[in-house]
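Take a look at the structure set out below.
As the structure lists them, so they are numbered: ligands from 1, and atoms in each ligand from 1. What you see below is based on every heavy atom in this structure, not just the backbone, and it leaves out hydrogens, waters and symmetry mates.
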Amino acid sequence: MGERETWTTRIGFVLAAIGSAVGLGNVWRFPFQTSANGGAAFLIVYLFAVLVIGLPALLAEFVVGRRANTSAIGAFRALGRPAWWVVGATGVFAAFWTLSYYSVIGGWVARYVAGSATGTALAAPEAYFGAVSAGLPAVGAHAVFVLITVGIVALGIEDGIELATTVMVPSIVALLIGLAAFAATLPGASEGYAFFLTPDFGTLAANAVTVLPDAFGQALFSLSLGFGVMITYASYLGADDSLPVDGLTIAVANTFVGVLAGLVVLPLLFAQGVPAGEGGPGAVFVAIPTALAALPGGGLLGRIVGIVFFGVVFIAALSSAISLLEAAVAYLVDSYDLERAPTAVGLGAVVFALGVPSALDTAWLDWFDGIAVTLLLPVAVLSLVTFVGWVLGRDAIAEFRTGSGVAALAPAWLWVLRTVVLLVVVVVVALNLHDLFLTPETGYYVVPEPLR
Ligand code: PFF
């Protein structure tokens with residue numbers, strides 16, 4: 001095997017990690033979650049979740065990856081704790097599982113770029129969503145999305161992932177800023193901002209039991225934690241980066257994009273009097289086209305804004321999808337000395353097959369999503385935090401300090417990780433397991449109703 005690849009520049013790594021973090025979770029879930037759960041009040045909780053729980057956990061993944069210099073599964077042997085490989089395996093399995101339905105949604109988004117260009121997505125939004133979201137056309141679009149993801153990953157770290165995300169991430173930000181500026185000119189903008197951001201501590205407090213774990217779960221998912229992705233990306237790093245500085249940059253950029261997305265989506269909906277609804281697929285895929293169709297300019301303006309908006313969502317989804325595939329590809333390449341390109345193609349084929357049920361029926365997609373986000377993700381994060389906090393200990397501190405401009409923070413970081421972060425994640429896992437296994441209405445052990 002040739003020499004293992006590394007990122008060519010530090011900013012290349014940071015952009016790739018931001019590309020992974022910024023995804024459907026930011027543009028699609030975050031604005032609606034915020035507006036439904038207390039606006040700015042929710043934002044404060046979310047920021048706390050990102051900085052106090054997400055960031056230390058992100059640094060834990062970075063420490064493991066950079067120190068081990070190998071994939072998320074091989075890392076534990078490389079660190080001299082081979083028995084813990086299961087932690088990495090759970091994560092990589094979760095990445096693979098998630099990619100299967102994430103790319104189905106990616107396929108929908110691609111269809112929406114096309115449907116905005118032709119105008120069909122705007123002419124009859126509900127019918128269009130029905131036609132795009134399930135059945136054979138969805139299987140086809142899913143295949144195309146997987147193929148593009150495979151293509152980028154097959155090209156490797158420097159010529160594939162780094163090159164792609166260096167173009168993609170700045171484009172996402174620039175286009176979103178453009179869209180937000182446009183949205184600010186719409187008549188309903190201020191109402192949209194008010195709905196998005198007005199602090200409503202009452203709503204937050206009243207729903208704390210469900211909102212808090214949701215906010216923490218969203219923070220973990222949004223930072224791409226638990227799936228071995230950040231371990232894998234950090235394994236391509238040299239020793240001279242400051243992990244805390246890079247981690248903070250990534251966490252801040254990720255939240256910034258979520259807020260920016262809200263500044264686009266909510267004024268747009270309010271300007272056209274479209275109810276923001278509960279979020280979820282309907283929000284982006286039905287409400288947005290409805291609002292776009294109502295823009296002045298005889299439909300042309302709506303189509304142009306639609307192409308740009310869904311273009312942004314597409315790029316965001318793709319830059320996350322490549323990280324999910326890379327976690328699994330890196331494992332096979334590093335541990336079994338396989339060639340990267342055929343490995344990416346082979347795994348792509350399996351991901352495609354696993355995603356077919358989700359493409360055929362959105363009930364399956366919900367089910368896959370539920371297992372990934374409420375079960376696999378928190379369990380994977382919990383085991384990783386336990387490992388770094390309580391097993392890796394001194395080695396973790398040493399790695400945190402390497403290249404760090406804030407080496408003095410290392411003991412505080414480890415302390416927070418093994419106490420506060422661990423405790424919060426335990427609570428999230430417990431609440432989720434309770435929902436999963438003890439609440440008949442929400443339990444994912446129950447096959448979704450329409451499938452029975
Ligand atoms: N962070 C991505 C999002 O917010 O859409 C989703 C994701 C990507 C989660 C990669 C986990 C991951 F490993």
Side-chain angles (χ1 to χ4, degrees), residues 15-34 46 49-50 54-55 57-58 60-62 64-65 71-73 87-88 90-106 108-109 145 149 152-153 161 165 168-169 172 176 214-235 250-251 253-262 279-281 284 312-331 351 365 368-369 371-381 384:
L15 288 175
I18 295 177
S20 172
V22 168
L24 295 167
N26 302 63
V27 192
W28 163 33
R29 256 183 108 215
F30 180 78
F32 296 97
Q33 225 186 10
T34 304
Y46 179 77
V50 165
L55 183 56
L58 179 63
E61 295 211 8
F62 283 175
V64 168
S71 82
I73 299 182
V87 175
T90 311
V92 172
F93 174 76
F96 207 68
W97 176 275
T98 302
L99 182 57
S100 78
Y101 70 87
Y102 204 85
S103 76
V104 170
I105 305 177
W108 300 354
V109 177
F145 191 88
T149 309
I152 296 174
V153 172
I161 299 180
T165 49
M168 289 161 103
V169 171
I172 295 172
L176 269 183
D214 268 9
F216 287 105
Q218 166 77 4
L220 298 177
F221 182 76
S222 187
L223 284 172
S224 299
L225 295 173
F227 293 0
V229 162
M230 292 301 185
I231 298 180
T232 308
Y233 273 14
S235 74
I250 293 157
N254 183 50
T255 304
F256 174 73
V257 171
V259 173
L260 207 51
V284 164
V312 168
V313 183
F314 179 80
I315 302 171
L318 186 60
S319 61
S320 299
I322 56 183
S323 71
L324 290 166
L325 184 59
E326 175 60 25
V329 168
Y331 164 59
V351 159
L365 193 151
F368 270 78
D369 180 50
I371 301 255
V373 175
T374 50
L375 185 64
L376 298 174
L377 179 131
V379 168
V381 173
L384 186 93

Ligand-side contact atoms (ligand 1) for residue partner [X], heavy atom cut-off under 4.0 Å:
{"X": "L324", "result": "10 (C), 12 (C), 13 (F)"}
{"X": "L24", "result": "5 (O)"}
{"X": "S20", "result": "1 (N), 2 (C), 8 (C), 10 (C)"}
{"X": "F227", "result": "11 (C), 12 (C), 13 (F)"}
{"X": "N26", "result": "4 (O)"}
{"X": "S323", "result": "10 (C)"}

Original post:
Nearest heavy atom to atom 4 (O) of ligand 1: which of A316, A327, A21 does it belong to?
Top reply: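 Checking each option, the heavy atom nearest atom 4 (O) of ligand 1 is found in A21.
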Original post:
Nearest to atom 10 (C) of ligand 1 by heavy atom, S224, G228, A94, G25: which?
Top reply: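 Shortest heavy-atom distance from atom 10 (C) of ligand 1: S224.
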Subject >> F221 contact mode with ligand 1 (heavy-atom cut-off under 4.0 Å) >> reply: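 F221 to ligand 1: contacts from backbone and side chain alike.
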Smallest separation among heavy atoms of [X] and [Y], with atom names:
{"X": "A327", "Y": "F227", "value": "CB-O, 3.9 Å"}
{"X": "L225", "Y": "L58", "value": "CD2-CA, 3.5 Å"}
{"X": "A49", "Y": "A219", "value": "CB-CB, 3.8 Å"}
{"X": "L318", "Y": "T149", "value": "CD1-OG1, 3.6 Å"}
{"X": "Y102", "Y": "A317", "value": "CE2-O, 3.5 Å"}
{"X": "A21", "Y": "L223", "value": "CB-CA, 4.2 Å"}

**OP:** Please write down residue, atom name and distance for the protein heavy atom closest to atom 13 (F) of ligand 1.
**Re:**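 Checked against all protein heavy atoms, atom 13 (F) of ligand 1 sits closest to V229 CG2, 3.0 Å.
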Original post:
How far is atom 5 (O) of ligand 1 from its nearest protein heavy atom, and which residue and atom name does that atom have?
Top reply: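 Looking at atom 5 (O) of ligand 1, the protein heavy atom closest to it is Y102 OH, 2.7 Å.
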Original post:
Rounded to the nearest 0.5 Å, what separation is found between the OG atom of S320 and the CZ atom of F221?
Top reply: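 Here the rounded value is 8.0 Å.
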Original post:
Would you call the rings of F368 and Y101 parallel, tilted or perpendicular, where under 30° means parallel and over 60° means perpendicular?
Top reply: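 Judged by the thresholds at 30° and 60°, the geometry between F368 and Y101 is tilted.
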Original post:
Short N/O distance, under 3.5 Å, between S222 and ligand 1?
Top reply: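 In this structure, S222 places an N or O atom under 3.5 Å from an N or O of ligand 1.
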